[in-house]
Structure formats: C-alpha cells, structure tokens
J.: 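Below is the structure I would like to discuss, written out as structure tokens.
Just so it is clear, the values below take in all heavy atoms, side chains as well, and ignore hydrogens, waters and symmetry mates. To find a chain, count down the sequence lines: A is the first, B the second, and so on, and within it residues start at 1. Remember, it's a predicted structure, so these values are computed and weren't measured experimentally.
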Number of protein chains: 2
Amino acid sequence: MPKRIDRDARKAQFAEAVWRIILDRGISAVSIRTVAEQASVAVGSLRHVFPTRAELLRFSAELMLQRARDRILSTEALEDPEQYALEIAKNLLPLHPDSRAELEINIALIAESPALPELVQLRDDAYQQLGQLCVRLVGILAEKLGEQDVREEARRLHALIDGVALHLLMRPLAEDADWAIRIIRGELHRIAHTSG
Amino acid sequence: MPKRIDRDARKAQFAEAVWRIILDRGISAVSIRTVAEQASVAVGSLRHVFPTRAELLRFSAELMLQRARDRILSTEALEDPEQYALEIAKNLLPLHPDSRAELEINIALIAESPALPELVQLRDDAYQQLGQLCVRLVGILAEKLGEQDVREEARRLHALIDGVALHLLMRPLAEDADWAIRIIRGELHRIAHTSG
DNA sequence: AACAAACTAGCACGAGTGTGTTAGCTTGTT
DNA sequence: AACAAGCTAACACACTCGTGCTAGTTTGTT
C-alpha cells in the first residue's frame with residue numbers, strides 16, 4: 001500500500017504556511033505558489049492535498065478557529081468564578097504570539113470574505129459560540145440575574161473583550177498589557193456585584 | 001490652458017471606486033484595472049492621476065480616515081455632556097451605510113498592511129486621535145477625575161466603542177441596533193457618576 | 001519480486017497583474 | 001487660428017495567477 005503519511009498533520013503544515021504568508025505579506029499574497037514555497041514543497045504536492053485555493057483557505061480558517069476553541073476549552077476550572085472567568089478572558093486576548101497571530105489571521109480572513117463567501121459562515125459560527133461563552137460566564141458570575149439582564153451583560157462583556165483584543169493588536173506584543181487585564185478584571189468584578 | 005477639472009474630486013471618485021471593490025470583492029480584487037472599470041474610465045486615465053497602485057491605495061485610505069474625522073468634528077456641541085458624548089459615539093459606530101463601509105474598508109486595509117507598510121502609520125495616527133477624543137469625552141463627563149483615572153476610563157471607553165462597532169458589523173445593518181446604543185449610553189452614564 | 005496506492009514534481013494554458021511608454025484628443029488662452 | 005497643458009486611451013513587457021494534466025517516485029502489502 002501507499003506511503004502512509006498523517007494526512008491531518010500534512011494539512012496543518014500547509015495551513016500554518018498560509019498563516020505565515022498572511023502575517024508576513026498580507027492576505028493578497030496568499031497563492032498556491034507562495035504557500036507551497038513557504039512550506040518548502042512543490043506546487044503539485046500542495047495541490048495533491050488541496051486541489052484548489054478555496055479549499056486551502058477554508059481549511060486554514062477552520063483550523064485556526066479550532067485551535068482557538070481548543071485553547072478556551074482546555075482552560076482548567078477554578079473555584080472562584082471571577083478568577084475562572086478572567087482565565088478564560090485572558091485566553092481570548094492576543095497576549096501571546098499564537099493567539100495574536102490567530103486574531104490577525106481572523107481579521108485578514110474577514111477582510112477577504114467578500115471573495116470567499118464560505119468563510120462568512122465560519123466566522124458567524126465562531127461569533128455565536130463566543131457570545132454563548134460570554135453568556136455562560138455572566139451566568140456563573142451573577143447567578144441571581146434574570147435571563148434578559150444576563151444577555152445584556154454578556155453582550156457588553158463580549159464587546160469589551162473584542163475591543164480590548166483589537167487594541168492589544170495595535171501595539172507591539174512586548175508592550176505592557178496590564179491595562180487590558182485591569183479593564184477586564186474590573187468588568188468581571190462589576191458583573192459579579194450587580195444586583196439585577 | 002488645459003481642461004480644468006477639479007483634481008481632488010477626481011481623486012475622490014477613484015478612491016470611492018476602490019472602496020466599492022473592497023466592499024464587493026475583497027481587498028485582493030483591487031487592481032488598477034478593476035478600479036478603472038468600476039469608475040467607468042480607461043486604465044490610462046486612472047494612471048494619469050495615480051501612477052502606481054500603492055499611491056491609489058494610500059490616498060483611498062487617507063480619504064476614508066478624513067471623512068470619518070470630518071463626521072466626528074461636525075458633531076454639534078450639546079449642553080448635556082452625556083448627550084453630547086453619545087452623539088459623538090454614535091458617529092463612531094457603523095450605524096449608517098457610510099460609516100459601516102468606512103469600518104469595513106478600515107479592516108480590509110489593516111489586513112493588507114503587511115503588504116502596504118505606509119498604511120500602518122495612517123492607522124496608528126487614527127488610533128491615537130480616537131484615543132485622545134475618548135480622553136476628552138471622559139474629561140467632560142467626569143470633571144473631578146484625576147489624570148490617571150481619566151486615562152484608564154478613556155481606554156475602557158475606547159475599547160468598548162470599538163468592540164461594539166465590530167459586533168454591529170457582524171450583523172446586517174437592518175437588524176435592531178438599540179442594544180449598541182444602550183451599552184454605550186450606560187457606559188457614559190457610569191463614567192459621569194464615578195467619583196475618583 | 002511484483003504490484004498498486006499514495007505522493008511528488010513539473011509543464012502548459014489562458015487569464016490577470018503592475019508599470020513604462022507613446023500616440024491622440026480636448027480645451028482655454030493667446 | 002495656433003498653441004500647449006492636461007487628459008484619455010492603448011500597446012507592450014515581464015511576471016504571477018489558478019488549474020488541468022501527466023509523468024515519475026516512494027513504500028507497504030501480497
């Protein structure tokens with residue numbers, strides 16, 4: 001039988017090449033050829049795994065969202081709700097090279113979505129899931145809140161997290177990021193101490 | 001002497017063609033030829049005004065930021081600080097087709113900035129100016145606050161506005177946007193009633 | 001040793017890209 | 001009527017693009 005290479009690992013390798021190109025040269029520079037070169041592979045090899053450019057980009061986007069999901073889900077449960085929620089939120093912010101790259105790639109793919117309509121669904125799903133996660137967080141922070149209030153607070157938290165994430169991206173990673181943690185921690189504290 | 005055409009109006013016309021292409025087909029689809037076609041003009045005519053693609057994109061980005069700035073500055077002063085700040089914030093949110101397009105284009109240009117380094121400076125300047133605007137707003141809302149606290153509240157407001165803006169962009173313009181106003185109004189009210 | 005599935009590598013094609021260059025057209029002043 | 005500044009249009013060049021296609025190579029099973 002054939003040479004048995006882990007297909008998924010191979011696909012991931014190509015997806016990471018796509019990411020590198022996006023980060024280094026922008027979404028417009030992503031082509032079958034540049035990606036193959038980035039992965040140190042002949043064009044034909046890449047095309048054996050991803051016959052078309054659209055499939056390559058779709059998988060790259062999917063894997064990126066999956067990695068983010070995994071990171072969130074692997075956050076260990078903590079006793080203190082505020083502590084736990086803060087850990088989750090920290091995993092949603094671009095505080096490390098990986099999560100930072102994820103956000104940059106996410107933005108690039110959003111920007112390209114008019115040309116790649118299949119990405120819109122992916123983005124919407126991820127957005128919904130993040131929204132539900134915020135609802136859960138608000139739920140454990142302020143148990144007495146009514147459903148309507150929970151939804152409102154969750155929306156607010158979600159927006160604040162995304163806004164802070166965007167601003168972190170504007171500044172170099174090396175820069176002090178305590179202000180971001182302070183803002184989120186303050187918001188979580190406020191939510192935990194609101195009475196309906 | 002030559003035919004006297006308003007050069008600036010001509011440039012703006014081309015910039016608007018660039019915007020349309022970005023909105024309809026993504027940043028990757030922006031080329032000298034597609035833009036010329038969108039503007040119903042021969043390639044040579046476009047190139048007479050913008051000799052290179054980089055200059056075309058640079059001007060398109062600049063004009064977009066300028067339009068946003070003008071919209072903010074034209075907000076009429078109101079007596080009530082909270083009302084006034086809310087009016088400003090509403091002009092920062094993608095609540096109308098124009099401002100919505102501005103934000104989409106802004107995101108697309110950010111995504112392409114690795115390939116167009118000159119855009120980074122533009123973006124950073126706009127970000128700084130928005131930050132200072134938020135500082136001013138917080139200043140008039142909570143006059144007694146110390147400088148350090150003003151800065152912290154301003155950062156928070158800025159992040160919240162950008163986060164809400166992003167979320168508005170995720171949903172169709174037709175959809176109910178009252179939640180966005182509610183969140184911002186609530187935040188402005190909170191700032192106005194915090195005591196150092 | 002023989003086989004075939006899986007993978008690699010490359011060519012070819014038509015289309016699209018940015019840009020250099022050049023020729024023709026418009027139009028207000030002189 | 002003559003002029004020239006400014007504008008329009010088109011061609012050419014070398015390059016990149018996505019994709020169809022076809023050989024070659026590797027490797028585990030039989």
J.: Take the protein atom CZ of B:R47 and the nucleotide atom C1' of C:dT21, then report the distance between them rounded to whole Å.
T.: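 Distance, rounded to whole Å: 9 Å.
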J.: Under 4.0 Å: is that the gap between some side-chain N or O of A:S31 and OP1 or OP2 of D:dC17?
T.: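 Checking D:dC17 against A:S31, a side-chain N or O does come within under 4.0 Å of OP1 or OP2.
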J.: Distance check needed: C:dT17 P versus B:L56 CG, whole Å only.
T.: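 Taking CG of B:L56 and P of C:dT17, I get 13 Å after rounding.
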J.: Would you sort out whether B:R58 and B:E62 count as a salt bridge (Lys or Arg N to Asp or Glu O under 4.0 Å), showing the intermediate values?
T.: CA-CA 6 Å; B:R58 168 149 227 281; B:E62 258 178 359; 2.9 Å; yes
J.: Could you say whether A:R33 or A:H48 is positioned toward the 5' end of DNA chain C, judged by the nucleotide with the nearest heavy atom to each?
T.: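 Taking each residue's closest nucleotide, the earlier one in sequence belongs to A:H48.
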J.: Need one value for A:S28: base, sugar-phosphate or nothing, where a base atom within 4.0 Å counts as base even if backbone is also close, heavy atoms only.
T.: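 A:S28: no heavy atom of the nucleic acid under 4.0 Å.
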J.: What is the distance, to the nearest angstrom, from the CZ atom on A:F50 to the P atom on D:dC17?
T.: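 That distance rounds to 18 Å.
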J.: Could you go through the side chain to side chain contact (heavy atoms under 4.5 Å, CB included) check for A:I181 and A:L95 one step at a time?
T.: CA-CA 10 Å; A:I181 310 284; A:L95 294 170; 3.9 Å; yes
J.: Any donor-acceptor pair under 3.5 Å linking the side chain of B:W19 with the backbone of B:I105?
T.: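 Answer holds: no.
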J.: Separation of A:I32 atom CD1 from C:dC11 atom P, in whole Å?
T.: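 Distance, rounded to whole Å: 18 Å.
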J.: Report the distance from atom CD of B:E37 to atom P of C:dA15, rounded to the nearest whole Å.
T.: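 Interatomic distance, CD of B:E37 to P of C:dA15: 16 Å.
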J.: Which nucleotide in the set C:dT8, D:dG18, C:dG18 lies at the smallest distance from any side-chain heavy atom of B:R53?
T.: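 For the B:R53 side chain, the nearest candidate turns out to be C:dG18.
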J.: Send over the distance from B:L57 CG to C:dT19 P, rounded to a whole Å.
T.: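 Whole-Å distance recorded here is 10 Å.
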J.: Are B:S45 and D:dC7 close enough that a side-chain N or O sits under 4.0 Å from OP1 or OP2?
T.: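 Checking D:dC7 against B:S45, no side-chain N or O comes under 4.0 Å of OP1 or OP2.
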J.: Reading DNA chain C from 5' onward, which residue's closest nucleotide shows up sooner: A:V43 or B:P51?
T.: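 Looking at DNA chain C, the more 5' nearest nucleotide goes with A:V43.
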J.: Have A:Q128 and A:D124 got a donor and an acceptor in their side chains that come within less than 3.5 Å?
T.: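 On atom types as modelled, these side chains do not qualify, holding no pair under 3.5 Å.
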J.: Tell me the interatomic distance from A:L46, atom CG, to C:dG10, atom C1', rounded to whole angstroms.
T.: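 One finds 14 Å between C1' of C:dG10 and CG of A:L46, rounded.
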